[in-house]
Amino acid sequence: MSGTVVHLHKEPAPTPAPESGPVTELTVVPDPPATPPVPLWVRSGRAVRTAVTHEHTRTAARAMVRHSLYVAGGARIVARRTWDGRTAARYERMLRAAEAAGNHEAAAEWEERGQRFREARHRRRMDLIHSPLDAAKGVGISAGMGVGGLVLLGIAMAVATKDPTEVVTPLMAVIKFINLMITIVRVVWGPAITIGPFLALLALWSVGAHQHAAPQWALPANVRNGEGEPITPSIVVKALRDLGVPALRKAITEMGDAGASMLSPITIAGCGVEVDVTLPSGVSTIEVQQRRRKLAENLSRHEHEVFITIPTAARTVRLWIADSGALDEPIGPSPLVTDETLTANYKTGKAPWGQDLRGDAAALSLYQRHLLVTGLSNQGKTAALRALALWAALDKTVEFRIADLKGAGDWAMFDGLATVLIQGPADEQVIEATEMVEGLVEEMNRRIETRRTNPDAVFTPLIGIVDEAQVAFMCPAVDEDKRPYGGSKATSRYFMAVRKVHNQGRVVDVLMWEGTQDPTDQNLPKLVREGAHTRASLALGTESQSRMALGDKAVDGGAAPHLLRQGLDKGTLVVASDGIEIPKGQSSITVRTHFIDDAGANAITDRAKALRDGVTTLHAIDRGNEERDPLADIAAVLGTDARVRTQEVITRLAGLNPQAYGGWSFLDLKRVLDGTGAEPYKSDGVMVISRDRLTRALADRSETGSASAS
């Protein structure tokens with residue numbers, strides 16, 4: 001039976017009868033599906049393929065090829081060096097390199113050196129023609145003198161010892177020594193002939209291994225990946241040669257190895273190196289700038305690890321090449337956090353912002369400079385802007401008015417420090433932020449008017465900060481006169497207020513700082529972005545956005561925030577400003593900013609509040625719809641301060657209600673307080689208002705009002 005198995009089971013019957021035999025049951029069980037046997041040649045082929053493609057086999061094959069080619073490459077290098085040493089090829093290469101670089105003085109010098117080398121070589125060859133005869137004469141004379149000297153020495157020994165046989169003793173000693181040398185040579189010559197070729201191959205292998213004279217695929221993994229590979233002139237020249245610029249490749253090929261003459265000395269610059277490259281005639285700097293990624297890969301680096309800038313020298317690019325992985329390591333904490341004794345001086349000091357690519361401290365002067373920080377969302381824009389404000393807060397003369405149109409609490413630590421703090425993304429907060437900036441304009445105009453009557457007047461710095469300013473520019477709300485709050489037209493209230501501060505605020509220390517996302521002409525108008533003295537940008541999406549953020553000059557000079565890696569280069573800014581030290585010939589600098597978390601920011605603002613007598617923070621702008629009580633408002637802006645300068649009181653009142661108090665002067669303040677017992681008085685040479693006197697005046701007024709009512 002095919003395809004089945006018959007099993008015979010014999011079981012006894014429960015009650016077998018005498019005539020009954022055993023019961024036999026037949027069970028038919030089907031066979032499992034038959035698996036055809038794998039031919040032996042197939043199994044052998046699979047095993048061979050697995051063995052051939054195994055990583056160990058491939059590694060061994062690469063090692064065998066690599067070490068074999070090290071010998072061939074070493075022989076080629078030694079032959080090249082020997083040829084250079086015996087001929088004038090080296091001088092010819094240097095001459096062509098100097099001519100290609102347009103350095104005719106150096107070309108003439110190398111031509112002269114080559115001529116001197118040829119003359120010296122000619123003299124050596126002429127000496128070789130006459131040397132055999134001269135050598136024969138010299139040997140004959142030397143041999144005669146040598147034998148004669150030995151005989152004379154023997155005669156002297158014979159006379160001294162009175163033994164005639166001593167005459168030949170020196171001569172025989174020399175003969176025995178020569179015989180010993182011949183014997184040693186006979187013993188050593190055979191093994192030397194045997195192992196000599198192996199020693200020569202070992203020497204060639206050593207040269208090839210040192211120069212990695214093998215194909216890229218055969219080299220070890222760390223060499224193929226460029227890990228730890230130092231930047232040398234030859235590596236830079238090869239990277240430029242393979243950049244894909246025909247004129248550059250042709251010029252370097254004609255220079256040969258002397259292409260390194262294009263390079264300045266390679267210097268250590270922070271966590272990388274820096275080198276200036278003078279390009280040959282016919283190659284423009286923009287052709288190199290546009291190939292940043294390919295240049296970085298040719299240098300065994302990532303794109304973000306190579307920066308190309310344009311120095312002042314003509315036809316020159318400056319390359320900064322980071323050590324592999326160095327830019328992915330965080331920088332240290334801010335000095336504002338680590339040094340609790342650190343103070344600030346708005347006028348003469350600089351805010352510690354971070355480190356440049358060289359690893360040097362990067363500090364920014366805030367004195368009379370409007371500021372714009374932009375970048376994509378979640379790249380560290382608020383942290384970078386807040387770090388500057390935290391430093392400025394340590395100068396007790398600086399007043400802040402802040403509108404955070406994100407409303408996530410990033411500026412909450414300035415409550416009790418800023419005179420105005422608006423938080424939230426709704427149209428209502430945009431309206432309040434607009435009125436806050438208009439209050440800055442009113443204070444600016446008041447200061448300008450004061451400066452006209454008193455040219456020597458000095459004002460305390462007033463900094464208005466609007467974070468997420470794109471929310472204000474894009475706001476669709478309109479006021480009762482149908483004037484829009486957002487937009488970029490002359491009717492836009494926010495736009496016009498910012499423009500007015502940009503135009504005249506600097507000279508009276510009224511400054512505007514803005515942070516905005518993803519700059520476009522709609523959410524960051526041209527006139528506003530160009531009104532900032534300090535412009536900084538984190539990672540952006542396109543080159544056009546970089547030009548909006550930093551300006552054409554900075555981008556044409558090598559600034560490229562659009563090449564920063566979104567999410568990976570958080571806190572890395574490209575800065576264009578005269579308030580920060582920028583290397584000579586460059587228009588921007590890249591700064592890796594210190595990150596200050598909320599806990600650190602709260603500690604800094606606590607120190608800043610301790611420097612002040614107390615600040616009352618307004619969380620909304622009073623629009624003056626109801627009748628004002630000037631005396632009560634003055635008491636409100638005094639807060640917990642024992643006494644406040646009259647000028648400061650006027651400033652706070654303007655922030656409280658620009659419509660009611662924006663145009664106030666000292667005379668208006670004096671008019672309100674006259675006859676109340678809280679009149680301004682002079683303390684330490686300045687006019688001040690006492691909180692206690694004002695409190696008594698309000699209490700007396702209340703009692704008088706109560707008595708009149710009764």
Side-chain angles (χ1 to χ4, degrees), residues 370-390 392-393 400-437 439-440 463-477 485-488 492-495 497-498 511-520 522-525 528-529 532 535-541 545 548-549 561 566-567 569-573 593-602 604-605 617-621:
H370 302 303
L371 176 67
L372 172 65
V373 177
T374 187
L376 297 177
S377 177
N378 196 32
Q379 297 303 299
K381 170 180 47 49
T382 298
L385 188 62
R386 190 177 70 179
L388 298 177
L390 290 171
F400 293 98
R401 300 182 188 180
I402 302 173
D404 175 16
L405 298 182
K406 179 164 51 179
D410 293 330
W411 296 88
M413 67 286 302
F414 280 81
D415 192 359
L417 183 60
T419 54
V420 176
L421 179 59
I422 299 165
Q423 301 180 88
D427 290 349
E428 179 66 22
Q429 282 77 45
V430 172
I431 294 172
E432 293 177 346
T434 301
E435 293 173 347
M436 181 194 80
V437 179
L440 296 178
I463 300 176
I465 302 175
V466 179
D467 196 8
E468 305 296 342
Q470 77 279 356
V471 177
F473 285 112
M474 301 296 288
C475 179
Y485 286 93
S488 58
S492 169
R493 290 180 59 177
Y494 180 80
F495 169 74
V498 173
L511 304 179
M512 191 72 210
W513 293 4
E514 290 182 288
T516 183
Q517 290 183 15
D518 197 14
T520 65
Q522 288 71 39
N523 61 28
L524 187 60
V528 170
R529 60 181 184 251
R535 300 166 70 172
S537 177
L538 295 112
L540 289 173
Q545 289 180 328
M548 292 180 184
Q566 183 178 2
D569 289 327
K570 283 187 177 182
T572 300
L573 285 162
T593 58
H594 297 294
F595 174 71
I596 303 176
D597 58 18
D598 289 346
N602 279 298
I604 296 169
T605 52
T617 299
L618 304 178
H619 296 278
I621 301 298

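Predicted, not measured: the structure shown is a model, and the values here were computed from it. Worth knowing before you read on, the calculation uses all heavy atoms, side chains too, and leaves out hydrogens, waters and symmetry mates.
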Would you please name every residue forming a salt bridge (Lys or Arg N to Asp or Glu O under 4.0 Å) with [X], sequence neighbours left out?
X: Lys570; result: none
X: Asp569; result: Arg565
X: Glu514; result: none
X: Asp598; result: Arg386

Looking at Glu435 and Glu432, would you say the former's side chain and the latter's main chain have a donor-acceptor pair under 3.5 Å?
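No: the side chain of Glu435 does not pair with the backbone of Glu432.
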Under 3.5 Å donor-acceptor, Arg493 side chain and Ile431 backbone
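Such a contact is absent between Arg493 side chain and Ile431 backbone.
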Approximate separation, where rounding is to 0.5 Å, of [X] [atom1] and [Y] [atom2]:
X: Thr382; Y: Lys406; atom1: OG1; atom2: NZ; answer: 3.5 Å
X: Gln423; Y: Asp404; atom1: CD; atom2: CG; answer: 5.5 Å
X: Thr374; Y: Gln379; atom1: OG1; atom2: CD; answer: 11.0 Å
X: Met548; Y: Leu372; atom1: CE; atom2: CG; answer: 12.5 Å
X: Thr617; Y: Asp415; atom1: OG1; atom2: CG; answer: 4.5 Å
X: Gln545; Y: Asp518; atom1: CD; atom2: CG; answer: 4.5 Å

State, to 0.1 Å, how close [X] and [Y] come at their nearest heavy-atom pair, and which atoms those are.
X: Gly464; Y: Leu440; answer: CA-CD1, 3.7 Å
X: Gly571; Y: Thr593; answer: O-OG1, 2.6 Å
X: Ala433; Y: Ile422; answer: N-CD1, 3.8 Å

Student check: side-chain heavy atoms of [X] and [Y] closer than 4.5 Å:
X: Arg401; Y: Val437; answer: no
X: Phe495; Y: Pro525; answer: yes
X: Val466; Y: Val498; answer: no
X: Asp467; Y: Lys381; answer: yes
X: Leu540; Y: Pro519; answer: yes
X: Ile463; Y: Leu371; answer: no
X: Leu376; Y: Leu538; answer: no

Residue list, side chain to side chain donor-acceptor pair (under 3.5 Å) with Thr516, at least two apart or on another chain
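By the side chain to side chain donor-acceptor pair (under 3.5 Å) rule, Thr516 matches Gln470.
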Consider side-chain contact (heavy atoms from CB on, under 4.5 Å). Of Ile465, Val420, Thr419, which one does Ile402 pass it with?
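Exactly one option meets the side-chain contact (heavy atoms from CB on, under 4.5 Å) with Ile402, and it is Ile465.
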Among residues at least two apart in sequence or on other chains, which ones pass ring-ring contact (aromatic ring centres under 6.0 Å, His included) with Phe414?
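Scan of Phe414 (ring-ring contact (aromatic ring centres under 6.0 Å, His included), adjacent residues dropped) gives Phe400, Trp411.
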